[in-house]
There are 2 protein chains.
Amino acid sequence: MATRTRRPERRQEPLSREHIVGAAVELLDAVGEDGLTFRALAERLATGPGAIYWHVRGKTELLAAATDAVVAAAVTIEPAESAESADSPQDGIRAVALGLFDAIEEHPWLATQLATQLSRSPWGTVAPRIFESIGRQVCALGVPEESWFTATSALMHYILGAAGQNAANTASAGTARPDVDRAVVLDAVSAAWEGLDPDDYPFTRAVAKQVRGHDDREQFLAGIALILAGITAIHSLTT
Amino acid sequence: MATRTRRPERRQEPLSREHIVGAAVELLDAVGEDGLTFRALAERLATGPGAIYWHVRGKTELLAAATDAVVAAAVTIEPAESAESADSPQDGIRAVALGLFDAIEEHPWLATQLATQLSRSPWGTVAPRIFESIGRQVCALGVPEESWFTATSALMHYILGAAGQNAANTASAGTARPDVDRAVVLDAVSAAWEGLDPDDYPFTRAVAKQVRGHDDREQFLAGIALILAGITAIHSLTT
DNA sequence: GGTCACTCTGGAACGCCGTTCCAGCAGCCG
DNA sequence: CGGCTGCTGGAACGGCGTTCCAGAGTGACC
């Protein structure tokens, strides 16, 4: 009875901060970072720009909130997959890393935002989320407590750095492009590197061929394996 | 070049692309990324906005050029310091890493730009520069050729990720602030982490105390040591 | 039930930005 | 000496983030 007379006369739900951030993420996914406009966002929410400012302080905060929302989702999927099935802490770390990796693939704007967010305020809400997820696994690895911070930081920084660069590979491929584009791009890069000045870039030229057929995800995991090997070696843990 | 002549009195300098990029870097250093405006840049160069467009395609290209210029300088200082004096490839890698680290400290806007640059077009001019500098040392380390790409990528990604986050520490400290601010900020971060939800953030809370007194540069090098240990361990090289 | 206050809305307006346009200047070539 | 070309710089345009404000909706209190 209480809610009976409340017809769906309202064109929409009350326009909460959650809705705004959700719409912002959709908009970012659809049209990219430059496409996220307060006017476009207002239109999508069937309102005016001014209304949004009642819930969000400005564009900076909006982007931060969108980033945080996506990261939170990416980092907390993990228990479903790895809590029971995955056994080793190494698998746990890989799960967290790939969660972020995939999130960036799905939301290409995330790479830039993550970097901006972390470099503008490195200790916001985003960093602790990632830090916590990785840190628990590092802890489970048997790393001594005084090295928790170092080991976890190293992993987090690698993940963020690698994911950031690898983003564009799929981002430039557009919404529904297969691996065809990717091969073309990689060929172009490889060719460009081979065309560099032999005096200035001997190493890069030598490696150019390896670029052509490499798999991003495999390469990403190889880097993590490298760091994990370093951690276990330095603290002489059992693999 | 290093002089502080802020007077745009010289009218007869032909306004080359070099001058524009140089002025852009100075402007970025002085007033930050948001302060780099075509109008402000034009005023500093004693010209109009239109003239700049004859030498530079747009703001994107201008930022890319500024980033490239600073990275190039940061990465090529290295031979002077390490070519003869430093002996081991490990030292060489540390030199390159610290060169970038310092460059980001000196140009706080570089962290965001580096990330943007690499994620927008990962194989522009910036990536090969860094890649080459690190790769030569990796090569000298004795890493087998088929792992050159993996090892170098891992190092580069860590360096970029770590440098990006650590940028804000000094960036927020302003132009000439000593370590006083830094201690305050670190205390605040540590306190904030300790105030997190014990159920959601047990690890982060446990590590909060380590944040308080840590040294960025030391931490940065510890991460590199971790990766180097991984590289030497996996390929069973002699330390 | 009427009034008030308070939350929330959304359209209009402001100032600044990146970018474009174009009239005009040098210097060179014929 | 007149046009052509490379280059300059001021004015103008469309669009952005943000602010302002009149007013709708809703609950509280007399």
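Numbers restart at 1 for each chain; the letters A, B, ... are given by sequence-line order, proteins then strands.
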Expected list for residues 62-72 of chain A: side-chain donor-acceptor pairs under 3.5 angstrom, two or more places apart:
residue: A:Thr67; atom: OG1; partner: A:Leu63; partner atom: O; Å: 2.8
residue: A:Asp68; atom: OD1; partner: A:Thr125; partner atom: OG1; Å: 2.8
residue: A:Asp68; atom: OD1; partner: A:Arg129; partner atom: NE; Å: 3.0
residue: A:Asp68; atom: OD1; partner: A:Arg129; partner atom: NH2; Å: 3.4
residue: A:Asp68; atom: OD2; partner: A:Arg129; partner atom: NH2; Å: 2.8

Contacts of A:Ala115 that satisfy side-chain contact (heavy atoms from CB on, under 4.5 Å) - sequence neighbours left out = B:Ala115
Sort and list the pairs that fulfil salt bridge (Lys or Arg N to Asp or Glu O under 4.0 Å) and have at least one residue in residues 47-62 of chain A, not counting sequence neighbours.
-> A:Arg17-A:Glu61, A:Arg57-A:Glu61
Side chains of residues 153-162 of chain A: which donor-acceptor pairs under 3.5 Å do they make with residues two or more places apart or in other chains?
residue: A:Ser153; atom: OG; partner: A:Phe149; partner atom: O; Å: 2.8
residue: A:His157; atom: ND1; partner: A:Ser153; partner atom: O; Å: 3.2
residue: A:His157; atom: NE2; partner: B:Gln165; partner atom: OE1; Å: 3.1
residue: A:Tyr158; atom: OH; partner: A:Phe220; partner atom: O; Å: 2.9

Which pairs count as ring-ring contact (aromatic ring centres under 6.0 Å, His included) when at least one residue sits in residues 46-75 of chain A, sequence neighbours excluded?
-> A:Phe38-A:Tyr53
So do the side chains of B:Val31 and B:Leu36 get within less than 4.5 Å of each other, counting heavy atoms only?
-> no
Contacts to DNA chain C from residues 35-42 of chain B, heavy-atom cutoff under 4.0 Å, which residues?
-> B:Leu36, B:Thr37, B:Phe38, B:Arg39
Give, ordered by number, those residues of residues 52-63 of chain A having at least one heavy-atom distance below 4.0 Å to an atom of DNA chain D; if nothing qualifies, reply none.
-> A:Tyr53, A:Gly58, A:Lys59
Contact residues, residues 18-28 of chain A to DNA chain D [heavy atom, < 4.0 Å] = none
Is A:Glu43 salt-bridged to A:Arg39, cutoff N-O under 4.0 Å?
-> no
Reading nucleotides 22-28 of chain C from 5' to 3' and marking B where a protein heavy atom lies under 4.0 Å of the base, S where only the sugar-phosphate is that close, and - otherwise, the string is -------
Only counting residues at least two apart or in another chain, list the ones meeting salt bridge (Lys or Arg N to Asp or Glu O under 4.0 Å) with B:Asp187.
-> B:Arg212
Contacts of A:Asp102 meeting side-chain contact (heavy atoms from CB on, under 4.5 Å) (sequence neighbours excluded), chain-then-number -> A:Glu105, A:Arg217
Indicate yes or no for a side-chain donor-acceptor contact from B:Glu132 to the backbone of A:Phe203 under 3.5 Å, with no hydrogens or angles considered.
-> yes
Atom CD of A:Glu43 and atom P of D:dG15 are separated, to the nearest Å, by 13 Å
Kindly say whether A:Asp197 contributes a backbone atom to a donor-acceptor pair with the side chain of A:Arg205 at under 3.5 angstrom?
-> no
Do B:Thr152 and A:Val207 have side-chain heavy atoms sitting under 4.5 Å apart?
-> no
Of A:Ala51 and B:Asp34, the one whose closest nucleotide on DNA chain C sits nearer the 5' end is A:Ala51
Results of ring pair (Phe, Tyr, Trp, His ring centres under 6.0 Å) for A:Trp193 - residues two or more places apart only | B:Trp123, B:Phe131
Picking from C:dT9, C:dA12, C:dT19, the nucleotide nearest the side-chain atoms of A:Leu15 would be C:dT9
